[in-house]
Amino acid sequence: MHLLHFPSSPLPDSWLHRVDPRAKLLLVLCAACPCLLLPYRATLGLLLLAAFPLLVLVRSGCPPRAIARAWLTPVPFVLFLAAWHPWLDPSPAWLAGWPGELTAGWVRFWRILLSALVLIGFLLALVATTSAPALLSALARLGAPRWLVLILGFNLRYLALLIRRGADLRAARALRAAGGAPLSRNLRLSAGMLTQFLARTLADSEQVEHALTLRGFDGRCPTLGAGPLRRLDFAVIAAGLAIALLPWAASWLAGFAR
Amino acid sequence: MIPPRILIRRLRFGYPGQPELFHGLDLDVQPGEALGIIGSNGCGKSTLLCLLVGLHDSGGSIHFDDTPLTPPNLAALRRRVGLVFQDSETQLFMPTVLEDVAFGLLNQGLAPAQAEARARDMLRQIGLESLADRPPHQLSGGEQRRAALAGVLVMQPDVLLLDEPSLNLDPRGRRQLIELLDDLPRRLNRPVTRVITSHDLDLVWDLCDRAALLDGGQIVASAPPDQLLRDADLLAAHGLEPPLSLLARPRILPASPPDQEDRQCI
Ligand SMILES: Nc1ncnc2c1ncn2[C@@H]1O[C@H](COP(=O)(O)OP(=O)(O)O)[C@@H](O)[C@H]1O
Ligand SMILES: [Mg+2]
């Protein structure tokens, strides 16, 4: 199961699909570092980072238009978060690589926008090429707290169950053709369906809990081991480290040139 | 280890806000026997199995040999008693089939490598080897049932409780299930008690040493299947119909020993 599935992509298999999820997770963590830690004046260095997941996604056979759509979908929300800043802080500031003067508010604006684009890009590359179970066990093996992995996993699992239940109810209703009825009746039907849905999911969750306790679950969740990392995986981690340092290097060079 | 004898005495239970379902039910289950519990829809078959593993509080008493089913003994008893739900989908909750089957073993404290080996072995025995890395919700109903069964069997219970195991299985899957369950003691090389609820009377006919008829919160009759299931009047009086097909044929297991290949793959 892939969290994100590009419908028209060729067979979901490429070198990136075959990289160990642990290595890919570390790569994303590497990419997150400059987003958080880079000095504000070096913000434009993040552009270098944003190019990387794009390149990787296209190279691994994901269709560019689908990538663009997935990448840009969250942008309005990010803009909403970032758009305040130019008004909040009009003090002058300097941004490496920017032609001319800028206010600190605008620097912050670009920082938020670029950080978001970079993180979304890397996460996209991760979830488009890794199945959800693999990602979860990678998280566990990297030492993420068990409860976190467990909650994420159950939610994922439970989500599938919920979607199935919801789809069943909708199909049952459609098959018995309530569609042509007047609005008031349709509303009443929908309310009834919702109650049904909630009652069923409640019963489901009780069953899941029973199944857990009967098999000795006591709150801990040991997981199966994984094979060792291979050369490709180490290469990806090394690339992640190099990429993370790139913006610093660029800003240092820019400062040097100035 | 010899399975425990199960003694149920004066069992009382009702769901909150509903009329009492069992009013003083008595039942014994002998070590190693295959007992079929039959009864019409809603007579409480599933509930009875849940009570046997202490999922709800009940009145009366349930003993496994001399050990009463009480909170202090629950964990130990649940290690010996496995329950396969009627709705397998809710029983499978790990990200992949393999991890789901290994779940109970890991909870028992087995090392991951050992747990994985045993889980894979169980999946092979049950014919799901090729689906080990798939998420459970992508399996068909029959495959989910087998996965759920694997997750319970891998823990090597002495007592196996199965709720409507043949539900949603196609004829071949059903026959394989019957063979697997019948063959279980030989495979595991030890006796295993099987308590099977079903309104699939053919299944009970084929698999069980004894059938018990549940109605009105009581066990109203208990006898070998070829006696009880032939008693059309008794069945009719408790809302069941003897399948005509069944009366005309012998039990399938002794009559047609399954070929070796099929045995391997369930
Ligand atoms: N969780 C529950 N809450 C309330 N009533 C229930 C619950 N589960 C089952 N029942 C009721 O208890 C009765 C017995 O149910 P069940 O044991 O599932 O019967 P069977 O398995 O024989 O079909 C039914 O009338 C059913 O409606
Ligand atoms: Mg039932």
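Reminder, nothing fancy here: chain letters follow the sequence lines and each chain counts from 1.
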Should V81(B) and L214(A) be marked as a side chain to side chain contact (heavy atoms under 4.5 Å, CB included) after you check the CA-CA gap, both sets of side-chain angles, and the distance that decides it? CA-CA 9 Å; V81(B) 184; L214(A) 288 183; over 6 Å; no
What's the spacing between C50(B) SG and Q207(A) CD if we round to 0.5 Å? 7.0 Å
Which pair of non-hydrogen atoms, one from R78(B) and one from T213(A), has the smallest distance, and what is that distance? NH1-CB, 4.1 Å
Taking N107(B)'s backbone N and O only, do any of them form a donor-acceptor pair with R215(A)'s side chain (distance below 3.5 Å, no angle check)? no
Is it true that, when you exclude R69(A) itself, more than 12 heavy atoms of the residues, nucleotides or ligands shown sit nearer than 6.0 Å to its CZ? no
Does I2(B) CD1 have over 12 foreign heavy atoms under 6.0 Å away? no
